[in-house]
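What follows is a single structure, written as structure tokens, with notes after it.
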Amino acid sequence: EVASFSRACSLVSVLFGHLGIAFKFAEKDYVAKVKDLTVASKDIATLQSLVEHDVKNNYVKDVSSHSCNLLRVKRGLDMVRVLFHTILIADDKSLRDCASIAYQQVFVPYHSFPI
């Protein structure tokens, strides 16, 4: 369900706030995308129907579409997953170092500019 997914994702957003000023944009972007999914959940029940709706209406490539926002939220969750994995295996790395590694692995392939 879109509603329960967006609720769960909103709980993760607090983590971005602890990654320092370099991740402030990522935090704001993530929160905005989750908010969009929360609003969409009032009219669209499942993640599958959300994507199907955007495909049917040719919205998929629109950067403000629900499916595009879903993709960005997924990447944010991937970053958190890689961050925790890096923390677990890192012996002497700081949180900032681990966050930079996670950013490099998850976001750099999709960004044409460094952040």
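Residue numbers run from 1 in the order of the sequence given. Computed from heavy atoms alone, side chains included, the values below leave out hydrogens, waters and symmetry copies.
In terms of the side-chain hydrogen bond (donor to acceptor under 3.5 Å, both in side chains) criterion, S13 has no residue partners (sequence neighbours excluded). The side-chain hydrogen bond (donor to acceptor under 3.5 Å, both in side chains) check on K24 picks up E27, with sequence neighbours excluded. By the side chain to side chain contact (heavy atoms under 4.5 Å, CB included) test, Y59 pairs with H53, D54, N57, S65, sequence neighbours left out. Under the rule for a side-chain hydrogen bond (donor to acceptor under 3.5 Å, both in side chains), S4 has no partner lying at least two apart in sequence or in another chain. Applying the ring pair (Phe, Tyr, Trp, His ring centres under 6.0 Å) rule to F5 yields no partners; only residues at least two apart in sequence or on another chain are considered. Qualifying salt bridge (charged side-chain N to carboxylate O under 4.0 Å, His left out) partners for D29, counting only residues two or more places apart in sequence or in other chains: K33. Checked against side chain to side chain contact (heavy atoms under 4.5 Å, CB included), A32 has no partners two or more places apart in sequence or in another chain. Every residue two or more places apart in sequence or in another chain that forms a side chain to side chain contact (heavy atoms under 4.5 Å, CB included) with D78 is listed here: K74, R81, V106. Taking the side-chain hydrogen bond (donor to acceptor under 3.5 Å, both in side chains) definition, one finds that S49 meets it with T46, sequence neighbours left out. Under the side chain to side chain contact (heavy atoms under 4.5 Å, CB included) criterion, V55 pairs with V51, V60, not counting sequence neighbours.
A continuous path of hydrophobic side-chain contacts links L77 to L83 [ILVMFWY only; heavy atoms under 4.5 Å]. Clustering ILVMFWY residues whenever any of their side-chain heavy atoms sit less than 4.5 angstrom apart, transitively, puts L71 in a cluster other than the one holding F25. V73 and V39 fall into different hydrophobic clusters, where Ile, Leu, Val, Met, Phe, Trp and Tyr side chains are chained together by heavy-atom contacts under 4.5 Å. At a threshold of 4.5 Å between side-chain heavy atoms, the hydrophobic network of Ile, Leu, Val, Met, Phe, Trp and Tyr places F107 and I87 in one connected group. Taken together through direct or relayed side-chain contacts under 4.5 Å among Ile, Leu, Val, Met, Phe, Trp and Tyr, L15 and I101 form parts of separate hydrophobic clusters.
Scanning all heavy atoms of the two residues, the minimum distance from M79 to A99 falls at CE-O, 4.5 Å. Between Q105 and V82, the shortest heavy-atom contact is OE1-CG1, 3.3 Å. Between C9 and V34, the closest heavy-atom pair is CB-CG2, 3.8 Å.
The structure places CG of L70 at 11.0 Å from CZ of R75, a figure rounded to the nearest 0.5 Å. Atom OG of residue S6 and atom CG of residue N69 lie 12.0 Å apart, to the nearest 0.5 angstrom. Separation of atoms CD1 (I44) and CD (E52) is listed at 10.5 Å; rounding is to 0.5 Å. Once rounded to the nearest 0.5 Å, the distance linking CG of D36 with OG of S64 reads 8.0 Å.
Residue pairs meeting the salt bridge (charged side-chain N to carboxylate O under 4.0 Å, His left out) criterion with at least one partner in residues 96-110, sequence neighbours excluded, are absent.
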